[in-house]
Amino acid sequence: MSGEDMANNRATKSGFAAEAQRKINSKYSEELAQECLEWIKIITGENFNTSGDMDNFYEILKNGTLLCRMVNCIQPGSIKKINESQMAFKCMENIDAFLKMAIQMGVPPQETFQTVDLWERQNLNSVVICLQSLGRKAHNFGKPSIGPKEAEKNVRQFTEEQLRAGQGVISLQYGSNKGANQSGINFGNTRHM
């Protein structure tokens, strides 16, 4: 392969990298992405295209300004400075500020995304997952929420007597061997002489 071929190979993400990217993109749901954008539109009151198409989703969110404004609508004053500059590091600062606030608002870290997932369009599905998770938390701040209602804690209090009574019960999950033993069980092929 010539140097030019290798450069083209890297530039077009062929081979393993392209397959990995296709696999990541296949998990992306236009319906969930559209639901996220419609929810952001309700929260912010701003007017923009809410199509869940991957290109639109990316273009609307890539610089992080809308994400920061949305967080400030949910919890006023939480992001002090939103960079309006389109310079890469300023946009990534916006995305990072959004991610920090999302975690503070209750989004589990495993449901967030890396800044490059959005900025470099590496994994827009993880952005959708994060927005869905934040959308479920919005009701805690008196805002409309999206997705299924989160489960609530159901703490149960047992008396000492109830706990002792449970210790004497043999669970049916333990099963029974009905007197069987392991004699006569052979694994694999027997040795022939």
Side-chain angles (χ1 to χ4, degrees), residues 10-14 17-151:
R10 280 193 302 270
T12 59
K13 270 194 174 178
S14 65
E19 183 58 32
Q21 192 62 49
R22 272 193 295 279
K23 201 175 243 185
I24 289 169
N25 290 346
S26 72
K27 295 179 182 178
Y28 179 83
S29 164
E30 286 191 12
E31 294 80 27
L32 290 177
Q34 182 172 346
E35 183 181 27
C36 291
L37 290 177
E38 288 171 353
W39 173 71
I40 292 171
K41 190 175 189 175
I42 290 168
I43 296 289
T44 62
E46 296 182 30
N47 193 19
F48 53 84
N49 181 358
T50 59
S51 164
D53 172 63
M54 225 180 214
D55 293 331
N56 182 61
F57 187 77
Y58 172 69
E59 287 301 319
I60 299 273
L61 300 178
K62 72 178 180 184
N63 64 10
T65 56
L66 181 61
L67 294 173
C68 291
R69 288 195 303 270
M70 184 236 337
V71 165
N72 279 342
C73 288
I74 294 173
Q75 196 172 30
S78 52
I79 297 179
K80 305 283 187 256
K81 184 175 188 296
I82 301 173
N83 299 306
E84 297 296 331
S85 168
Q86 295 304 307
M87 294 175 67
F89 73 95
K90 291 293 184 184
C91 295
M92 288 191 279
E93 279 181 8
N94 287 341
I95 296 168
D96 191 51
F98 162 77
L99 289 169
K100 286 179 180 164
M101 277 311 302
I103 289 171
Q104 284 183 15
M105 296 170 96
V107 174
Q110 65 272 18
E111 291 183 2
T112 61
F113 59 93
Q114 300 294 313
T115 302
V116 293
D117 289 341
L118 175 56
W119 177 248
E120 294 180 3
R121 197 178 172 160
Q122 288 183 3
N123 188 349
L124 294 181
N125 183 52
S126 64
V127 179
V128 171
I129 290 169
C130 181
L131 290 172
Q132 288 280 319
S133 183
L134 182 60
R136 289 190 300 272
K137 306 286 182 202
H139 74 278
N140 297 338
F141 301 91
K143 300 292 180 190
S145 59
I146 56 172
K149 184 177 180 283
E150 289 193 310

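- The CD1 atom of Ile40 sits 4.5 Å away from the CE atom of Met70 when rounded to the nearest 0.5 Å.
- Shown here is Gln114, whose CD atom has no more than 12 heavy atoms of other residues, nucleotides or ligands within 6.0 Å.
- To the nearest 0.5 angstrom, Met105 atom CE is 4.5 Å from Ile74 atom CD1.
- For the side-chain hydrogen bond (donor to acceptor under 3.5 Å, both in side chains) test, residues two or more places apart in sequence or in another chain that qualify with Ser126 are Asp117.
- Side-chain atoms of Val127 and Asn123, non-hydrogen and from C-beta on, never get closer than 4.5 Å to each other.
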What pairs of donor and acceptor atoms, side-chain ones from residues 91-98 against any protein atom, are under 3.5 angstrom apart with sequence neighbours left out?
| from | atom 1 | to | atom 2 | distance (Å) |
| --- | --- | --- | --- | --- |
| Glu93 | OE1 | Asn83 | ND2 | 3.0 |
| Asn94 | OD1 | Asn83 | N | 2.9 |
| Asn94 | OD1 | Asn83 | ND2 | 3.4 |
| Asn94 | ND2 | Asn63 | O | 3.1 |
| Asn94 | ND2 | Asn83 | O | 2.7 |
| Asp96 | OD2 | Lys100 | NZ | 3.2 |

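- In this structure, Gln104 CD and Ser78 OG are separated by 8.0 Å, a value rounded to the nearest 0.5 Å.
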Applying side chain to side chain contact (heavy atoms under 4.5 Å, CB included) to Arg22 and Glu19, what does each step give before you reach the verdict? CA-CA 5 Å; Arg22 272 193 295 279; Glu19 183 58 32; 3.1 Å; yes

Checking salt bridge (charged side-chain N to carboxylate O under 4.0 Å, His left out) for the pair Glu111/Lys137: CA distance, chi angles, key distance, verdict? CA-CA 12 Å; Glu111 291 183 2; Lys137 306 286 182 202; over 6 Å; no

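- Contacts classified as salt bridge (charged side-chain N to carboxylate O under 4.0 Å, His left out) and involving residues 36-58 (residues at least two apart or in different chains) are given here: Glu46-Arg69, Asp55-Arg121.
- Between Phe113 and Cys130, the shortest heavy-atom distance links the atoms CD2-CB, 3.6 Å.
- Between Thr112 atom OG1 and Leu131 atom CG the span is 11.5 Å, to the nearest 0.5 Å.
- The shortest non-hydrogen separation linking Asn49 to Asn56 is O-ND2, 3.0 Å.
- With rounding to the nearest 0.5 Å, the separation of CD1 in Ile42 from SG in Cys73 is 12.5 Å.
- Residues Ser145 and Trp39 share a closest heavy-atom pair of CA-NE1, 4.0 Å.
- Rounded to the nearest 0.5 angstrom, Phe57 CZ and Ser29 OG are separated by 10.0 Å.
- Remark: the Glu35 side chain and the Gln132 side chain contain an N/O donor-acceptor pair separated by less than 3.5 Å.
- Residues Leu61 and Leu124 are not in side-chain contact: their nearest non-hydrogen atoms beyond the backbone lie 4.5 Å or more apart.
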